[in-house]
Number of protein chains: 2
Amino acid sequence: MTTAPQVSVPCPIGRAAGLLGERWTLLILRNANLGTTRFDAFRAELGIADNILSNRLARLVEAGVLVRVPYHDGGRARQEYRLTTAGAEVLPVLHALAVWGEEHTKPAEPTGSMQVIHQRCGQVTTPGKVCDGCGELVRREEEAWVRPWLSPDPIILASPATAGT
Amino acid sequence: MTTAPQVSVPCPIGRAAGLLGERWTLLILRNANLGTTRFDAFRAELGIADNILSNRLARLVEAGVLVRVPYHDGGRARQEYRLTTAGAEVLPVLHALAVWGEEHTKPAEPTGSMQVIHQRCGQVTTPGKVCDGCGELVRREEEAWVRPWLSPDPIILASPATAGT
DNA sequence: CGACTGGCTTGCATTTAGCAAGTCTAGCCG
DNA sequence: CGGCTAGACTTGCTAAATGCAAGCCAGTCG
């Protein structure tokens with residue numbers, strides 16, 4: 001495992017990087033925060049190999065970042081990977097990466113850039129901060145992302161699986 | 001290269017993760033932000049293999065996150081790797097990781113946890129936020145980290161290499 | 001009953017990472 | 001002046017991790 005040896009070092013940054021810094025993990029969590037839950041959907045969206053996706057999902061479940069929830073799809077048992085609270089709380093990391101990436105890296109070909117929208121007031125705002133439009137704290141349930149290279153429609157962030165579910 | 005294929009995808013998170021999410025990179029940047037500049041020092045602090053360190057430093061220089069500055073040490077030419085502005089700006093990512101790691105991961109053996117101190121008022125504060133003690137914005141030059149498993153002394157964050165240097 | 005789909009596991013081939021040892025430059029020591 | 005040492009790397013080789021392709025199994029559709 002790539003960065004896993006670091007998972008129990010004394011530095012919290014080292015531990016977080018040891019788990020989240022493995023290849024694909026941050027991308028999986030990004031998509032999970034945007035509502036992806038199924039194995040196939042992750043595979044299709046990320047272009048990740050099956051065995052690695054399987055491995056990563058297992059590790060994230062083990063780490064308590066995702067939960068595996070069986071559900072029924074027309075009578076058939078299927079699995080869903082839902083965010084836990086810990087998974088939902090990687091959001092600040094994603095925000096920080098989004099800001100840094102927007103500022104310091106360039107896409108291969110110019111595309112409209114990602115935007116975070118405060119659904120309550122409808123304004124575009126800086127990721128991870130108080131709303132630029134209305135000055136209020138942007139709550140997770142009120143936050144949506146626009147990723148114009150995929151679709152012009154905003155995507156509201158997924159809510160974590162509640163303890164009872 | 002581990003995550004490098006992602007460096008020019010349209011999503012800024014993907015691009016940032018493609019560069020910063022490579023193994024060791026976040027740890028190198030963490031230490032660089034704490035003042036490490038020399039090859040040997042990174043090697044000793046991280047326990048990273050020479051060839052990989054060499055490779056990562058080269059990639060970070062290429063990405064504009066670090067600059068290689070030759071300097072004189074008693075008449076001998078040495079290299080120093082200094083943060084650029086882009087390198088200094090990964091700080092929010094480190095803050096987010098520190099908070100998440102502190103909250104959702106456990107060290108192998110209990111140690112005093114990492115603390116961020118606002119030097120101006122001397123208070124411990126939450127990483128990446130307005131000072132919990134005095135309510136003012138914590139500027140980078142006023143921020144110090146205490147990492148008690150290494151030393152009880154606070155370490156003031158390194159300032160990036162100025163354009164002229 | 002055969003095909004199909006979602007969610008995986010298995011088997012290699014290819015990349016990376018990790019370790020050890022070697023190189024090169026340049027002071028410093030006696 | 002010859003040998004020694006230190007910093008900053010390369011080079012070679014082994015051990016993991018990644019990627020691709022194929023296979024499997026349960027259930028549902030036609």
Side-chain angles (χ1 to χ4, degrees), chain A residues 1-7 9 14 17-29 31-32 35-63 66-82, chain B residues 1-7 9 14 17-29 31-32 35-63 66-82:
Chain A
M1 28 226 78
T2 298
T3 322
Q6 306 274 353
V7 290
V9 296
L19 185 71
L20 305 180
E22 266 189 312
R23 195 175 179 186
W24 296 112
T25 301
L26 282 167
L27 288 311
I28 290 172
L29 258 16
N31 288 28
T36 303
T37 57
R38 294 220 322 269
F39 190 95
D40 256 42
F42 284 113
R43 177 171 53 187
E45 290 163 9
L46 300 173
I48 180 176
D50 304 22
N51 51 353
I52 300 172
L53 177 55
S54 176
N55 180 303
R56 287 298 177 279
L57 290 174
R59 185 193 299 295
L60 289 171
V61 168
E62 192 189 357
L66 297 178
V67 253
R68 200 158 175 274
V69 182
Y71 73 104
H72 278 268
D73 162 34
R76 293 182 59 174
R78 302 264 183 239
Q79 315 320 313
E80 234 188 6
Y81 293 90
R82 301 278 313 271
Chain B
M1 30 226 76
T2 298
T3 325
Q6 306 274 355
V7 289
V9 296
L19 184 69
L20 306 180
E22 264 190 313
R23 194 175 179 185
W24 296 114
T25 302
L26 282 167
L27 289 309
I28 291 172
L29 258 16
N31 288 27
T36 304
T37 57
R38 295 216 326 267
F39 190 95
D40 256 42
F42 283 114
R43 178 172 51 188
E45 291 163 7
L46 299 174
I48 180 177
D50 304 22
N51 50 355
I52 299 171
L53 177 55
S54 175
N55 180 303
R56 287 296 178 280
L57 291 173
R59 185 194 300 293
L60 288 171
V61 168
E62 193 189 356
L66 297 177
V67 255
R68 200 160 176 274
V69 182
Y71 74 103
H72 279 267
D73 161 34
R76 294 181 60 174
R78 303 264 183 238
Q79 313 323 308
E80 233 187 6
Y81 293 89
R82 303 277 313 271

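Fair warning: this is a prediction, and the values are worked out from it, not measured in the lab. Note on naming: letters A, B, ... go to the chains in the order of the sequence lines (proteins, then strands), and numbering restarts at 1 for each one.
- Within the structure, a side-chain polar atom (N or O) of Trp24(B) is placed less than 4.0 Å from OP1 or OP2 of dG18(C).
- By the side chain to side chain contact (heavy atoms under 4.5 Å, CB included) test, Ala49(B) pairs with Asn51(B), Ile52(B), sequence neighbours left out.
- Listed pair Tyr81(B) / dG7(D) fails the phosphate criterion, with no side-chain N or O lying under 4.0 Å from OP1 or OP2.
- If you run side-chain contact (heavy atoms from CB on, under 4.5 Å) between Trp24(A) and each of Leu29(A), Ile48(A), Asn55(A), only Ile48(A) comes through.
- Where Ile52(A) and Gln79(B) each meet DNA chain D at their nearest nucleotide, the meeting point lying more 5' is that of Gln79(B).
- Judged by distance alone, the side chains of Arg68(B) and Tyr81(B) do bring a donor and an acceptor atom under 3.5 Å apart.
- Here Arg43(B) does not reach the OP1 or OP2 of dA8(D): none of its side-chain N or O atoms lies under 4.0 Å away.
- Thr36(A) is linked by a side chain to side chain contact (heavy atoms under 4.5 Å, CB included) to Asn31(A), Ala41(A), Phe42(A), Glu45(A), counting only residues two or more places apart in sequence or in another chain.
- Per the geometry, CG belonging to Leu53(B) stands 16 Å off C1' belonging to dT16(C), to the nearest Å.
- Atom CZ in Arg68(A) sits roughly 10 Å away from atom P in dG7(C) (whole-Å rounding).
- Judged by closest nucleotide on DNA chain C, Phe39(A) is the one of Ile48(B) and Phe39(A) placed further toward the 5' end.
- Proximity of Ser54(A) to the phosphate of dG7(C): no side-chain N or O atom is located under 4.0 Å from OP1 or OP2.
- One can find a donor-acceptor pair under 3.5 Å joining the base of dG12(D) and the side-chain atoms of Asn51(B).
- A close approach under 4.0 Å does occur between a side-chain nitrogen or oxygen of Arg23(A) and OP1 or OP2 of dG19(D).
- Under 4.0 angstrom from either OP1 or OP2 of dA17(C) there lies at least one side-chain N or O belonging to Arg56(B).
- Taking atom CG of residue Leu66(B) and atom P of nucleotide dA8(D), one finds them 14 Å apart after rounding to whole Å.
- If you take CG of Leu46(B) and P of dG18(C), they are 11 Å apart, rounded to a whole angstrom.
- When each of dG6(C), dG19(D), dA8(D) is scored by its nearest atom to the side-chain atoms of Asp40(B), the top-ranked nucleotide is dA8(D).
- Annotation: of the two residues near DNA chain C, Asn55(B) and Asp50(B), the 5′-most nearest-nucleotide partner is Asn55(B).
- Residues Gly14(B) and Leu27(A) approach most closely at CA-CD1, 3.8 Å, considering heavy atoms.
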